[in-house]
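What you are looking at is a predicted structure, and each value in this text was computed from that prediction instead of being measured.
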Amino acid sequence: MDPRLDFFGNSLAAKVLRHINSAGRAVTDSGLPHATQELVKIRASQINGCGFCTDMHTKDATAAGEMPLRLNLVAVWREATVFTDAERAALELAEQGTRIADAAGGVTDEAWANAAEHYDEDQLAALISLIAVINAYNRVNVINRQPAGDYRPGQFG
């Protein structure tokens with residue numbers, strides 16, 4: 001499968017991606033735990049059917065030392081015993097924030113309150129931003145049909 005457009009080689013697309021990358025860097029450098037960031041990116045990417053991002057973030061998490069068992073169970077995190085309560089709260093917020101169109105009320109007060117029990121205000125801001133950024137990346141890659149499987153950890157710096 002080939003992408004519809006060389007998004008990484010297009011000058012306008014590169015300009016847009018630089019801005020999205022800057023937002024992503026702010027989240028990466030925040031106090032939100034790195035493992036939580038990767039789990040959220042993987043789960044949102046699974047929901048959105050983004051093979052490129054699922055491939056990328058699974059490999060990045062593995063390279064950072066994440067356990068394969070946890071990565072294999074992200075899609076079924078509710079039934080898995082390998083995630084902390086804080087990670088579960090982040091995954092729930094990520095799911096509701098990603099499926100915003102599916103829920104008439106958006107993110108529930110219960111999901112927000114649960115996340116707020118585990119994360120401080122800066123971490124919550126990072127979590128909201130992370131969910132928005134990964135959803136933006138997912139949409140770019142899904143619309144463009146960016147193929148998955150060839151990503152190498154650290155490929156984009």
Got W77 and L39 here, is their nearest side-chain heavy-atom distance under 4.5 Å?
no
Between G106 and Q96 the two heavy atoms that sit nearest each other are O-OE1, 4.0 Å
Is I128 linked to V107 within one hydrophobic cluster, defined over Ile, Leu, Val, Met, Phe, Trp and Tyr using a side-chain heavy-atom separation of less than 4.5 Å?
yes
Sequence neighbours left out, cut at 3.5 Å: what donor-acceptor pairs do the side chains of residues 7-15 make with other protein atoms?
{"unit_1": "N10", "atom_1": "OD1", "unit_2": "L12", "atom_2": "N", "d": "2.9"}
{"unit_1": "N10", "atom_1": "OD1", "unit_2": "A13", "atom_2": "N", "d": "2.9"}

Separation of D122 CG from S30 OG (nearest 0.5 Å)
8.5 Å
Is there a side-chain contact between L124 and D120, using heavy atoms and a 4.5 Å cut-off?
no
Under 3.5 Å donor-acceptor, Q123 side chain and G31 backbone
yes
When rounded to the nearest 0.5 angstrom, what distance separates CG in L73 from CZ in R78?
14.0 Å
What is the minimum heavy-atom distance between A90 and T36, and which atoms define it?
CB-CG2, 3.6 Å
Please give me the minimum heavy-atom distance between L32 and Q37, naming the atom from each residue.
O-NE2, 2.8 Å
Looking at every heavy atom in both N141 and C50, which two are closest together, and how far apart are they?
CB-SG, 3.6 Å
Is there a path from V16 to V140 through hydrophobic residues (I, L, V, M, F, W, Y) whose side chains come within less than 4.5 Å of each other?
yes
Check for me, please, whether I20 and I134 land in the same ILVMFWY cluster - side-chain distances under 4.5 Å, paths through other members count.
yes
Donor-acceptor under 3.5 Å (N144 side chain, L5 main chain):
yes
Using a cut-off of 6.0 Å, state whether more than 12 heavy atoms not belonging to R25 lie near its atom CZ.
no
Is Y137 reaching over with its side chain to a backbone N or O of S45, donor-acceptor style, under 3.5 angstrom?
no
So do the side chains of P3 and Q146 get within less than 4.5 Å of each other, counting heavy atoms only?
yes
Whether over 12 other heavy atoms sit under 6.0 Å from D102 CG
yes
Can you pull the salt bridge (Lys or Arg N to Asp or Glu O under 4.0 Å) pairs that have at least one residue in residues 39-52, sequence neighbours excluded?
E38-K41, R43-E95
Under 6.0 Å from the CD atom of Q155, do we count more than 12 heavy atoms belonging to anything else shown?
yes
To the nearest 0.5 angstrom, please state how far the CD1 atom of I47 sits from the CZ atom of R99.
4.0 Å
Taking every heavy atom of N114 against every heavy atom of A89, the minimum-distance pair comes out as ND2-CB, 3.7 Å
Quick check: closest heavy atoms across I42 and T54, and the distance to 0.1 Å?
O-OG1, 4.4 Å
Does CD belonging to E79 count more than 12 external heavy atoms closer than 6.0 Å?
yes
Has N72 got a side-chain atom pairing as donor or acceptor with P68's backbone, closer than 3.5 angstrom?
yes
To the nearest 0.5 Å, atom CD of Q46 lies from atom OG1 of T98 at 11.0 Å
Under a 4.5 Å cut-off applied to non-hydrogen side-chain atoms, are M56 and F156 in contact?
yes
Heavy atoms from other residues, nucleotides or ligands near CG of D6 exceed 12 (cutoff 6.0 Å)
yes
Using the rule that Ile, Leu, Val, Met, Phe, Trp and Tyr join whenever any side-chain heavy atoms are under 4.5 Å apart, tell me whether I131 and L91 fall into a single cluster.
no
If you draw a 6.0 Å radius around CZ in R152, do more than 12 non-hydrogen atoms from other residues or ligands fall strictly inside?
no
What orientation do F52 and Y151 show, parallel under 30°, tilted 30 to 60°, or perpendicular over 60°?
perpendicular
I need the full list of salt bridge (Lys or Arg N to Asp or Glu O under 4.0 Å) pairs touching residues 58-75, with sequence neighbours left out, sorted by first then second residue.
D55-K59, E66-R70, R70-E87
Decide whether V133 and V40 are clustered together by the hydrophobic rule: side chain heavy atoms of Ile, Leu, Val, Met, Phe, Trp, Tyr closer than 4.5 Å, transitively.
no
With distance as the sole criterion, is a donor-acceptor pair present between the side chains of R139 and N135 under 3.5 Å?
yes
